[in-house]
There are 2 protein chains.
Amino acid sequence: MERAVRELWAESRDLLGLASPSPDETATASAVPRADLPPTPLAFLRDHVSPGRPLLISAAATRHWPAASLWPTASYLTDALRSTTVSLHLTPDGRADALAPHPQPEQRPSSSSSKCFASAHVRRVDFPTAVGLIRGSDPDAGLVAYAQQQDDCLRGEYAAVAGDVDAHVPWASEALGCLPEAVNLWIGNAHSVTSFHKDHYDNIYVVVSGEKHFLLLPPTEHHRLYVRDYPAARYVATGKDAEADHQLSLRLEMEEPHRMVPWSSVDPYPASPEEMAAQASSFPLYFDGPAPIRCTVRAGEMLYLPSMWFHHVSQSPGPNGLTIAVNYWYDMQFDIKYAYFNFLRSLEIDDSSSKVGDLEGDLEEKND
Amino acid sequence: MERAVRELWAESRDLLGLASPSPDETATASAVPRADLPPTPLAFLRDHVSPGRPLLISAAATRHWPAASLWPTASYLTDALRSTTVSLHLTPDGRADALAPHPQPEQRPSSSSSKCFASAHVRRVDFPTAVGLIRGSDPDAGLVAYAQQQDDCLRGEYAAVAGDVDAHVPWASEALGCLPEAVNLWIGNAHSVTSFHKDHYDNIYVVVSGEKHFLLLPPTEHHRLYVRDYPAARYVATGKDAEADHQLSLRLEMEEPHRMVPWSSVDPYPASPEEMAAQASSFPLYFDGPAPIRCTVRAGEMLYLPSMWFHHVSQSPGPNGLTIAVNYWYDMQFDIKYAYFNFLRSLEIDDSSSKVGDLEGDLEEKND
């Protein structure tokens, strides 16, 4: 079975025209197809949506957006959103919706993982306060802030500036035959990272300030992510200063009632050599397999990320100290590709050192 | 594994919106989506090509073709092609490119199948003679004729009448971004049957006279066809009358040099109760699984058959005694669906009574 699955990985990358980049992490070449101009709706459907092939479109795509010149400035957004309350996601280390050490290791069953799935502490603050907390994010001080809310927030919390960007992506809407289900805004800096996951949406991702760095794996490489069930936990604010935004202390607590979340076990950037060795030994299909496809999306550029692709996202801030991005989620088509994916996912691979046993559930959580 | 594959069958039919029709063979309802008018290129790509979903378009699609009124008449084609030489495929029973009893059972290795893959005897005759032989086809007399040549023959042998139909299907060409790779003409009657196979093309099939009856299985149901390697054989003309078209006698001979052809083992319409029992017992995944999707294409109608779909075709003649059809083959896109198909095909299923072991090759032969 493992041989057949490895052949599937190789053939799907080959057919998608996504040559494996060098495993050398310093390689800057991206294997994602790149275009100077947006495609026609027909070409987009035929060459990208139907085959499930990403596309990176150069800065020309968003040059007409008022946001392109306004949002990267130091003060436009804080002025425009001075009296707006937004949802700020707070973690000690910038890793929301990611695995973290179980906060009560003595209470977990001995057979279960030492990790849990940690969600951020979500705090409603005025936008200038949010930006101050994002700019002041410091993992060493145990507080990283990320303004994001995956609930169509650009047209909700951020409606005051929604007119600065296109309400939808015209060529994508025409191709897909619908308008976006959600348009989300993301404001963070280099301390926030989004762990490997996939979305049940066709995604158009636009960077307005700074850069986003994607690691991508096609859906055919599901087994490389070692998706397993983890108990859900959530950061909560603690201590006498729990009401003072700048002096928050966060503690991870298991969710009650108990809830399991299927999530990828793989951390592609382990913090220490010891953790790297543990990851490589536990998850050989990831670390010994073809290199993930790397793609940096710069300010003004658009990435089409097909539904069901696994992605890990890190970021660099622009001159204003912020990474700002907008993404458009379009309902995906549940078709024969989805049926094939579910079939693949139902199969177990025996590899030399690890069992992959995610036969239930899905990565229903929505991120980036 | 068999359970996972059965779930794949059910889910892919469900997602494609192709409810299983009643197993009652007399049911006339077709599960293939039907449209009164041709789709726009975008809707065709989005709703049919990309998901791999067939489409039947009503007679309006070809009403403007001169062929629609001319070809079903008794004499137009024989007049227009009076001096044209065409390729006529001759078999004793109407089954070309199909399994037949091995002609030299004593010479085959004891471990091999008792069947071979039989190709027609191809004879070059003038078109009026071809029509006479087709109309006079008689399995009881051991001679069935079918005018067909899958080499772009409408624009080759039949160029004199090619202008009676559209040179391509405009909305399909625009959607797929190319012109047809081949346009083929098929003239036969009820005695000719095409056995289960698939093509590496997106296929637009148009009936001009009579009706074509399709049994369809999506590519996800590969294992139900029991594709195995069979030794190739070919019908040859024999006897003292071998040069007289109307008194041909055909004999099946093994090809030299020896050649193996991967082909479906399943005959959905066995000739006798004994053969039916043998088929049902040998190929339970076909006979016990979901009913094939039935679709009758009537004169003037168009069927879009997605690439890689398995199809079995039988036919009924029109008032002129002939079934006449034109098909347009468009190059398919080899994408992630194709990689998934090859992965599925590489997996063996253990069922209760039979091993599926086609791990090599493909159904490279092209039919209907």
Side-chain angles (χ1 to χ4, degrees), chain A residues 1 3-18 39-54 171-178 202 218-222 306-309 330 332-348 359, chain B residues 1 3-18 39-54 171-178 202 218-222 306-309 330 332-348 359:
Chain A
M1 175 65 75
R3 190 177 64 86
V5 170
R6 284 185 184 270
E7 284 171 9
L8 170 64
W9 301 345
E11 185 171 28
S12 68
R13 287 195 180 207
D14 185 41
L15 293 175
L16 289 170
L18 302 167
T40 65
L42 265 175
F44 177 56
L45 249 186
R46 183 173 59 225
D47 301 333
H48 297 280
V49 181
S50 172
R53 179 187 289 133
W171 44 271
S173 301
E174 188 175 343
L176 301 169
C178 58
D202 276 307
T220 42
E221 297 180 23
H222 163 80
S307 58
M308 309 295 283
W309 273 65
Y330 286 87
M332 68 172 278
Q333 192 166 44
F334 291 89
D335 61 12
I336 205 168
K337 292 194 287 290
Y338 185 73
Y340 274 129
F341 174 82
N342 284 334
F343 169 70
L344 175 67
R345 197 178 56 153
S346 77
L347 304 177
E348 288 198 36
L359 302 183
Chain B
M1 175 65 75
R3 190 178 63 86
V5 170
R6 284 185 183 271
E7 284 172 8
L8 171 63
W9 302 344
E11 185 172 29
S12 68
R13 286 195 181 208
D14 185 41
L15 292 176
L16 289 170
L18 301 167
T40 65
L42 265 175
F44 177 57
L45 249 186
R46 183 173 59 227
D47 300 334
H48 297 280
V49 181
S50 173
R53 179 187 290 130
W171 44 272
S173 301
E174 189 176 343
L176 301 169
C178 58
D202 277 307
T220 42
E221 297 181 23
H222 162 81
S307 57
M308 310 295 284
W309 273 65
Y330 286 87
M332 68 174 277
Q333 192 166 46
F334 292 88
D335 61 14
I336 206 167
K337 293 194 287 288
Y338 185 73
Y340 274 128
F341 174 82
N342 283 334
F343 170 69
L344 175 67
R345 198 177 55 154
S346 77
L347 304 177
E348 289 199 38
L359 303 182

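Only heavy atoms go into these numbers, but all of them, side chains included; no hydrogens, no water, no symmetry mates.
- At least one donor-acceptor pair under 3.5 Å links the side chain of A/Lys337 to the backbone N or O of A/Ser50.
- Residue A/Asp14: no heavy atom, backbone or side chain, is found under 4.5 Å from chain B.
- The residue among B/Gly177, B/Pro218, B/Ser12 with the most heavy atom pairs within less than 4.5 Å of chain A is B/Gly177.
- Residue contact with chain A, scored on non-hydrogen atoms closer than 4.5 Å, involves the side chain of B/Gln333 exclusively.
- Nearest approach of B/Leu15 to B/Arg53, heavy atoms of both residues: O-NH2, 3.5 Å.
- If you tally non-hydrogen atom pairs under 4.5 Å between each of B/Tyr340, B/Phe334, B/Trp9 and chain A, the highest count goes to B/Tyr340.
- Note on ring orientation: taking the six-membered ring where Trp is involved, the planes of A/Phe44 and A/Trp171 are perpendicular (angle over 60°, cut-offs 30° and 60°).
- B/Trp309 CH2 to A/Ile336 CD1: the interatomic distance, rounded to the nearest 0.5 Å, is 6.5 Å.
- Residue A/Leu16 touches chain B through its side chain alone, counting heavy-atom pairs closer than 4.5 Å.
- Interface check for chain A: of the options B/Val5, B/Thr220, B/Leu42, B/Leu176, the most heavy-atom pairs under 4.5 Å are formed by B/Leu42.
- Between the side chains of B/Tyr330 and B/Ser173, at least one donor N or O sits under 3.5 Å from an acceptor N or O.
- Residue B/Glu11 comes nearest to A/Asn342 through the heavy atom pair OE2-ND2, 3.0 Å, listed as atom of the first residue, atom of the second, then distance.
- Of all the listed residues (B/Gly52, B/Ala4, B/Ala10, B/Ala43), the one sharing the greatest number of non-hydrogen pairs under 4.5 Å with chain A is B/Ala4.
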